[in-house]
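First comes the structure, then the notes that go with it.
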Amino acid sequence: MSFQYKRLDKNDAAVLLVDHQAGLLSLVRDIEPDKFKNNVLALGDLAKYFKLPTILTTSFETGPNGPLVPELKEQFPEAPYIARPGNINAWDNEDFVNAVKATGKKQLIIAGVVTEVCVAFPALSALEEGYEVFVVTDASGTFNEITRDAAWRRMEAAGAQLMTWFGVACELHRDWRNDIEGLAALFSNHIPDYRNLISSYSTLTSAK
């Protein structure tokens, strides 16, 4: 069978942010805390930029997992918010699955904490039901590289595509001629080196 490049389509994609909770974030050790939170918020910003339906969910937030990080609530005040009472796999929660189906999208962009559970379980469940799944690796976190790599291999073997938030944004955008300023601002807000690049570009273009 020949390879088929299944690229992200901004008209057929939804974002699932799974269990980015205050308690669980303290477990993330495979990426630096500040970088991790920046990546999660960058994914949120690109979801808003491309107007992608976004679903927030938490697991047992009255327990040690803690509440959803407040920045995500601020980013998506109107988004479906499913506080699962106990389901470890978000896909085992009927309200969550109904919210996903209500988007009408077949491509799911998933990120969460921790990678081998909160991301992998719903990703595998969604793949089984025929969705195309794109896992945002740098907006998902876990205990260490061993557990992370095991989760990545498991999801990849099942058909999930592993990406970064920057790759997701570029694949959704397709062509710089669609918009320079908006996407450049998004990148500049989350990548310091990109801000330098855009500052240089802006200086050159304004000098003409």
Practice prompt. Show your working on side chain to side chain contact (heavy atoms under 4.5 Å, CB included) between T103 and K101 and close with a plain yes or no.
Written response: CA-CA 5 Å; T103 67; K101 290 179 177 177; over 6 Å; no
[X] side-chain N/O to [Y] backbone N/O, donor-acceptor pair under 3.5 Å:
X	Y	answer
H20	T58	no
N87	A90	no
Q21	S59	yes

Which heavy atom of [X] sits nearest a heavy atom of [Y], and at what distance?
X	Y	value
V119	A111	CG2-C, 3.9 Å
A22	V69	N-CG1, 4.2 Å
L46	L186	CA-CD1, 3.5 Å
V15	A47	CG2-CB, 3.9 Å
A123	I110	CA-CD1, 3.9 Å

Heavy-atom side-chain proximity of [X] to [Y] below 4.5 angstrom:
X	Y	value
R174	K10	no
N38	F36	no
L52	I109	yes
I55	L17	no
D30	F143	no
V113	L27	no
L68	L56	yes
P53	K105	yes

Worksheet item: Atom CG in L25, atom CG in N65: separation rounded to 0.5 Å?
Response: 11.0 Å
Discussion item. Between R154 and L124, is the side chain to side chain contact (heavy atoms under 4.5 Å, CB included) condition met? List the steps.
Written reply: CA-CA 9 Å; R154 188 182 190 198; L124 295 169; 3.6 Å; yes
Worksheet item: Is the NZ or CZ atom of R148 positioned over W152's six-membered ring, under 6.0 angstrom from the centre and within 45° of the axis?
Response: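 Judged by the rule (NZ or CZ under 6.0 Å from the ring centre, within 45° of its axis), R148 counts as positioned above W152.
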Are there more than 12 heavy atoms of other residues, nucleotides or ligands under 6.0 Å from atom [atom1] of [X]?
X	atom1	value
E128	CD	no
E71	CD	yes
I180	CD1	yes
E129	CD	yes

Fill in: side chain to side chain contact (heavy atoms under 4.5 Å, CB included) evaluation trace for V117 with I88
CA-CA 8 Å; V117 176; I88 293 175; 3.4 Å; yes
Cluster link [X] to [Y], ILVMFWY, side chain under 4.5 Å:
X	Y	result
L43	V135	no
L127	V100	yes
Y49	F134	yes

Practice prompt. Could you tell me whether the side chains of S125 and N89 share a donor-acceptor contact shorter than 3.5 Å?
Written response: yes
Worksheet item: Would Y194 and N189 satisfy side-chain hydrogen bond (donor to acceptor under 3.5 Å, both in side chains), going step by step from the backbone distance to the final call?
Response: CA-CA 8 Å; Y194 210 95; N189 287 340; over 6 Å; no
Please tabulate, for the side chains in residues 155-172, all donor-acceptor contacts under 3.5 angstrom to protein atoms that are two or more places apart in sequence or on a different chain.
from: Q161; atom 1: NE2; to: K6; atom 2: O; distance (Å): 3.0
from: T164; atom 1: OG1; to: G167; atom 2: N; distance (Å): 3.2
from: W165; atom 1: NE1; to: N39; atom 2: OD1; distance (Å): 3.2
from: E171; atom 1: OE1; to: Y5; atom 2: OH; distance (Å): 2.5
from: E171; atom 1: OE2; to: L8; atom 2: N; distance (Å): 2.9

Practice prompt. Measure the acute angle between the ring planes of W91 and Y131, then classify it against the limits of 30° and 60° as parallel, tilted or perpendicular.
Written response: perpendicular
Worksheet entry | D92 with R84: basic N within carboxylate O range, under 4.0 Å | no
Please set out all donor-acceptor pairs under 3.5 angstrom arising from side-chain atoms of residues 73-82, sequence neighbours excluded.
from: Q75; atom 1: NE2; to: L41; atom 2: O; distance (Å): 3.1
from: Q75; atom 1: NE2; to: D45; atom 2: OD1; distance (Å): 2.8
from: Y81; atom 1: OH; to: E61; atom 2: OE1; distance (Å): 2.6

